[in-house]
Trainee: 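Got a structure here, written out as structure tokens. Questions coming.
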Number of protein chains: 2
Amino acid sequence: MFSKSTEYALRAVVYLAKNSSEEERIGIKTIARDLGFPESYLGKVLQHLVRKNIIFSSKGPTGGFYAIPETLNISLLDIIDANEGLSFFKRCGLGLVECDDEKPCPIHDEYHVFRDGLYKSLSEKKVKDVLEDLESGIAFISFNEGVI
Amino acid sequence: MFSKSTEYALRAVVYLAKNSSEEERIGIKTIARDLGFPESYLGKVLQHLVRKNIIFSSKGPTGGFYAIPETLNISLLDIIDANEGLSFFKRCGLGLVECDDEKPCPIHDEYHVFRDGLYKSLSEKKVKDVLEDLESGIAFISFNEGVI
DNA sequence: TCTATTTAAGACAAAAAGGTCTTTTATTCT
DNA sequence: AGAATAAAAGACCTTTTTGTCTTAAATAGA
């Protein structure tokens, strides 16, 4: 449903929120290894998140990527938005240009329930909620090395 | 959400169910013009639907594509399945391989509710239901020429 | 200041999806 | 039988997405 870039971004932000801080930056090599993502491509995704102020970075020795306390209050929807925009949540399920509540397509109502519900969930779900779920054992993200 | 091929397929099947029969076949040129789709590509999509017995075709003069009465009982999910499979309805929202009810990802529950709801809607929605909605003015599909 | 290290940036390559074109095959009609 | 017509099949091209590689810029520490 979401692009690879978005999947990488979502999981990397959670990873950084859990494992990094301004004092404990993590290099792209480590992140890519831990998450099992292609290093260079993930680098681009993270650079993009930096430009959007969702995560941060610094160069040079002891440099790397990191999250700050405010990152915990970012919603999953914000991360999706930063990567591929929110057109998914606006487009008709059948791809019709002219489709709205006035002139609904044949699956308009059902699709809206799905799409809007997901939108709400993702906008309410903050990074800190995800961390809480992971720590309390309600949710899981299985990785190569079980780092998260 | 769905691929272009699937969108083309969904709309073409509805079009054929409404406008064609074994005696009234419609050529690819006409279909592509009416729906505003690229002719050759739509041809491929329709050929694929023919192989899956969702629509039918015959060659030569008076040939063309057509739906049969049974086509009315095909669900939108069947059409999606014939085109891109149902992996969308099985995959984790975060793209995790290991994600199920036992080891749910952080958005597992919310995502499941909406995805399964959509699945149910699409599997219950038959081509004939779509035609009924269109004819009674409950739903709309706007096309180039307003053919449907 | 110099070197090592790490992100930033952008060119480049590969794969997948979308789209086009040509040739073949089947069918109808004369 | 022969000509015309339409789908079938597959080669080919284009665009987008994903992924790689090289060079530049910044920074820490000796």
Trainee: Between atom CD in Q47(A) and atom P in dC21(D), what is the gap in whole Å?
Mentor: 16 Å
Trainee: With a 4.0 Å cut-off on heavy atoms, is I31(B) in touch with a base, just the backbone sugar-phosphate, or nothing at all?
Mentor: nothing
Trainee: State yes or no: do L77(A) and Y111(B) share one hydrophobic cluster built from I, L, V, M, F, W and Y residues joined by side-chain heavy-atom distances below 4.5 Å, directly or via other members?
Mentor: yes
Trainee: May I ask you to test the R115(B)-Y119(B) pair for a side-chain heavy-atom distance under 4.5 Å?
Mentor: no
Trainee: Could you tell me whether L46(B) contacts a base, only the sugar-phosphate backbone, or nothing, with contacts defined as non-hydrogen atoms closer than 4.0 Å?
Mentor: nothing
Trainee: Please report the distance, rounded to the nearest Å, between OH in Y66(B) and C1' in dA6(D).
Mentor: 13 Å
Trainee: Do you know the tightest heavy-atom contact between T71(B) and I54(B)?
Mentor: OG1-O, 3.2 Å
Trainee: For dA8(C), take OP1 and OP2 only and decide whether either is under 4.0 Å from a side-chain N or O of R51(A).
Mentor: no
Trainee: Rounding to a whole Å, what distance do you find between R33(B):CZ and dA6(D):P?
Mentor: 12 Å
Trainee: Calculate the interatomic distance between F65(A) atom CZ and dA26(D) atom C1'; express it in whole Å.
Mentor: 13 Å
Trainee: Round to a whole Å and report the spacing from NE2 of H48(B) to P of dG10(D).
Mentor: 13 Å
Trainee: Could you state the atom-to-atom distance from CD1 of I28(A) to P of dT7(C) in whole Å?
Mentor: 7 Å
Trainee: Does the side chain of I141(B) come within less than 4.5 Å of P106(A)'s, by heavy atoms?
Mentor: yes
Trainee: Residues of residues 76-86 of chain B with any non-hydrogen atom less than 4.0 angstrom from an atom of DNA chain C: list those, numerically ordered, please.
Mentor: none
Trainee: Round to the nearest Å and state the distance from K29(B) atom NZ to dA8(D) atom P.
Mentor: 13 Å
Trainee: Tell me which pairs pass side-chain hydrogen bond (donor to acceptor under 3.5 Å, both in side chains) where either residue lies in residues 46-69 of chain B, with sequence neighbours left out.
Mentor: R25(B)-S58(B)
Trainee: Does atom NZ (K128(A)) have a neighbourhood of more than 12 heavy atoms from anything else shown, all under 6.0 Å?
Mentor: yes
Trainee: Is the number of heavy atoms from other residues, nucleotides or ligands within 6.0 Å of CD (E135(A)) greater than 12?
Mentor: yes
Trainee: For D101(A) and H108(A), test the side chains for any donor-to-acceptor distance below 3.5 angstrom and give the result as yes or no.
Mentor: yes
Trainee: List the residues meeting salt bridge (charged side-chain N to carboxylate O under 4.0 Å, His left out) with K120(A), not counting sequence neighbours, and say none if there are none.
Mentor: E124(A)
Trainee: Group every Ile, Leu, Val, Met, Phe, Trp and Tyr by side-chain heavy-atom contacts under 4.5 Å, then state whether F2(B) and F2(A) land in the same group.
Mentor: yes
Trainee: Under the salt bridge (charged side-chain N to carboxylate O under 4.0 Å, His left out) rule, collect the residues that match up with E110(A), sequence neighbours excluded.
Mentor: K125(B)
Trainee: Scan nucleotides 18-20 of chain D against the protein and return all N/O pairs shorter than 3.5 Å with their distances rounded to 0.1 Å.
Mentor:
residue	atom	partner	partner atom	Å
dT18(D)	OP1	K4(A)	N	2.9
dG19(D)	OP2	Y8(A)	OH	3.0

Trainee: Report, one pair per line, the protein and nucleotides 26-30 of chain C atoms (nitrogen or oxygen only) whose separation is under 3.5 Å.
Mentor:
residue	atom	partner	partner atom	Å
dA26(C)	O4'	K59(B)	NZ	3.4

